[in-house]
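Working notes, beginning with the structure itself.
Atoms within each ligand, like the ligands themselves, are counted from 1 in listed order. These numbers were taken from a predicted model, which means no experiment stands behind them.
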Amino acid sequence: MEDVVIAGAGPNGLMLACELALAGIRPLVLERLPEPTTENRANGLVGQVVRLLDRRGLHERLAGPMGPPSPAFVFGALRLDLTLADRNPLNILGVPQRRVEAVLDERAAELGVEVRRGHELTGMTQDADAVTAEVTGPEGGYRLTTRYLVGADGGRSATRKLAGIGFPGVTEDRTVSRTANATVPAEFVDAASGGLRVPGHDVIPPFFHYRTETGLFVYAPFPTGTLVTTIEWTDEEETGDEPPMTLDEQHASIERVLGFALPIGPPEGDGPHLLRRLRGRNTRLAEKFREGRVLLVGDAAHVHSAIGGPGLNLGLQDAVGLGWKLAATLHGWAPEGLLDTYESERRPVAERVVMHTQAQSALITPGGDVTALRELFGELLRLPSTVQHIADLMTGADIRYTPATDHPLDGRWAPDLLLADGTRLAELTRTARPLLLDFTGSLGDELRGWTDRVDLVPGDAPGDTTALLVRPDGYVAWASGSAEPDDTERKALRTALERWFGHPLDA
Ligand SMILES: Cc1cc2nc3c(=O)[nH]c(=O)nc-3n(C[C@H](O)[C@H](O)[C@H](O)COP(=O)(O)OP(=O)(O)OC[C@H]3O[C@@H](n4cnc5c(N)ncnc54)[C@H](O)[C@@H]3O)c2cc1C
């Protein structure tokens, strides 16, 4: 019997596989497609996920050392001036999704994960002890039994449907989004900003979501090639993928949105080149993230507009949130109810993403009332506190899992600590093990009974924090600012250890 079968080798399935492997569980990944997809969706990762990748050493593989936060971003096609925020949490990692998937695939292979490509999950039953999965592979159908099945099989998740989990929400079918790799003549490019000079408009900044009364336009000159995107609203019947999307169609769409026939040309280089038309938008959230021994992560659990690029920030953190809890359950040391905290922690985060992507989608819609709303929103976005609020919302920096103490870090994402010896917290978390950072030199005794599950990190660090219990997913389970934590704090530490990492060995 397998311990865990993961349906889907997209980014979230592969990330979960890596997390389980780091925690000593060898999952089996089933992927319907025979080869890694060349389709590109995400052009970049935005938010806390960038730090998360750094904490697993994956940022280095993708783009070298992590850089500073971005000075600006967009919210609902309005400029977010992040220099106004006291704490700027918004990091961007500008790599295409297929590269993220390739790096995760490589990492999973290093960790000994088996990915069976060309194997599709087609059926499933479960009882109290196991899940029986029906799989169709290149040589025909076969069955697998597993203690847990995780659906990481995308928005149309077979796992979710087979488990009978509802996917309520809305389907909006009036938008048409078109994206093409193309070239734009140099005379239209503004040398100073890298944006576009289009007659009838101010300079359109690069990567900016530019709204007009007829649609949205984005000019994105990536190092790998320029993308031009439009979104329009239509009452025409949906015609599926027919006729195939063309550069002429994109050209006409840009003319309708900008009121100017920007002369785009065919892309340069070998490609693969994107030429995509997408109709409509789904916003849906799974009724539950778990049904017995079946769990959902990523798009299988939630779909929403891609505006602002929140998909992988949400999905990859689902995977990391689930990985250690599932591994602890399989190892037998998980405290009662640990696995259920996956849903109680992650579903509210998904609800917030659904909320802000719907709000942003409303803000880009044509119409005079929306223009008025945008004017007001634009004024609000000149207030530092509003910028901070939106930045925290978009990045996930506002997440606080239920704290057990009133320490401000309890339940929060652990800050990027730099130890006195120059070690970054991100270097200590690559093993995905729970850590007790103890700068007081006095907490080793409290950890007795958990040393098989939690690593003690002695040392020193400047700042107010003297000790920190960090869960494998990067969230703080207990913290102290005392030079010598008193009995109450020590008791709270032991309670936190038991709450997240189970009974002590000698109990
Ligand atoms: C146009 C577009 C632009 C986007 N831009 C961004 C962005 O800029 N930033 C961002 O963070 N996010 C973006 N997203 C969202 C992001 O692409 C998704 O959130 C992400 O792909 C979800 O990953 P996943 O692993 O959950 O699912 P998927 O990527 O959908 O992977 C699911 C995998 O499961 C496989 N599968 C399906 N059914 C089965 C089965 N029955 N058995 C076995 N395997 C199966 C599929 O073949 C697939 O490989 C964008 C999405 C779109 C559509």
Quick one: look up the protein heavy atom nearest [atom] and list residue, atom name and how far away it is.
atom	result
atom 18 (C) of ligand 1	Asp299 OD2, 3.4 Å
atom 31 (O) of ligand 1	Gly10 CA, 3.5 Å
atom 51 (C) of ligand 1	Arg41 CB, 3.9 Å
atom 38 (N) of ligand 1	Asp153 CB, 3.5 Å
atom 34 (O) of ligand 1	Gly8 CA, 3.2 Å
atom 43 (C) of ligand 1	Arg32 N, 3.4 Å

Taking 4.0 angstrom as the limit and counting only heavy atoms of [X], give me the atoms of ligand 1 inside it, by number and element.
X	answer
Gln97	16 (C), 17 (O), 20 (C), 21 (O), 29 (O)
Ala152	32 (C), 33 (C), 34 (O)
Gly311	10 (C), 11 (O), 12 (N), 19 (O)
Gly298	26 (O)
Asn43	8 (O)
Leu121	40 (C), 41 (N), 42 (N), 43 (C)
Gly44	7 (C), 8 (O), 9 (N), 10 (C), 11 (O)
Leu33	47 (O)

Any donor-acceptor N or O pair under 3.5 Å, side chains [X], [Y]:
X	Y	result
Thr171	Arg284	yes
Glu255	His251	no
Glu172	Thr283	no

Closest heavy-atom contact between Thr365 and Ser361?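 So the minimum-distance heavy-atom pair works out to OG1-O, 2.9 Å.
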
Parallel, tilted or perpendicular: which describes the rings of [X] and [Y], with under 30° parallel and over 60° perpendicular?
X	Y	result
Tyr401	Tyr475	tilted
Phe75	Phe377	parallel
Phe260	Phe188	tilted

Which bit of [X] gets closer than 4.0 Å to ligand 1, counting heavy atoms only: side chain, backbone, both or neither?
X	result
Ala158	side chain
Leu278	side chain
Arg156	neither
Ala42	both
Ser177	neither

Just go through [options] and tell me whose heavy atom is the nearest to [atom].
atom	options	result
atom 4 (C) of ligand 1	Gly315, Pro34, Ala306	Ala306
atom 24 (P) of ligand 1	Ile6, Thr122, Asn12	Asn12
atom 29 (O) of ligand 1	Ala9, Pro11, Pro96	Pro11
atom 27 (O) of ligand 1	Gly154, Ser157, Ala319	Gly154

Starting from the C-alpha separation in whole Å, work towards a yes-or-no answer on salt bridge (charged side-chain N to carboxylate O under 4.0 Å, His left out) for Arg56 and Glu19. CA-CA 9 Å; Arg56 290 293 186 264; Glu19 290 294 299; 2.7 Å; yes

Using distance alone, decide if ligand 1 has a nitrogen or oxygen within less than 3.5 Å of any nitrogen or oxygen in [X].
X	result
Arg276	no
Glu31	yes
Leu312	yes
Glu101	no

Verdict with reasoning, Val95 to Val103, per side chain to side chain contact (heavy atoms under 4.5 Å, CB included): CA-CA 11 Å; Val95 291; Val103 163; over 6 Å; no

Does Tyr219 have its ring centroid less than 6.0 Å away from the ring centroid of Phe208?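 Tyr219 vs Phe208: aromatic centres not under 6.0 Å.
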
Full working for side chain to side chain contact (heavy atoms under 4.5 Å, CB included) between Leu45 and Leu62: CA-CA 11 Å; Leu45 281 70; Leu62 285 160; 5.9 Å; no

For the pair [X] and [Y], find out whether any cationic side-chain nitrogen is under 4.0 Å from an anionic carboxylate oxygen.
X	Y	value
Asp235	Arg174	yes
Arg347	Glu345	no
Arg32	Asp153	no

Could you check Arg61 against Arg107 for side chain to side chain contact (heavy atoms under 4.5 Å, CB included), going step by step and ending with a plain yes or no? CA-CA 10 Å; Arg61 292 187 187 212; Arg107 181 73 180 128; 3.7 Å; yes

Please say whether the positively charged group of Arg290, taken as NZ for Lys or CZ for Arg, lies over the ring of Tyr342, i.e. under 6.0 angstrom from the six-membered ring centre and within 45 degrees of the axis. no

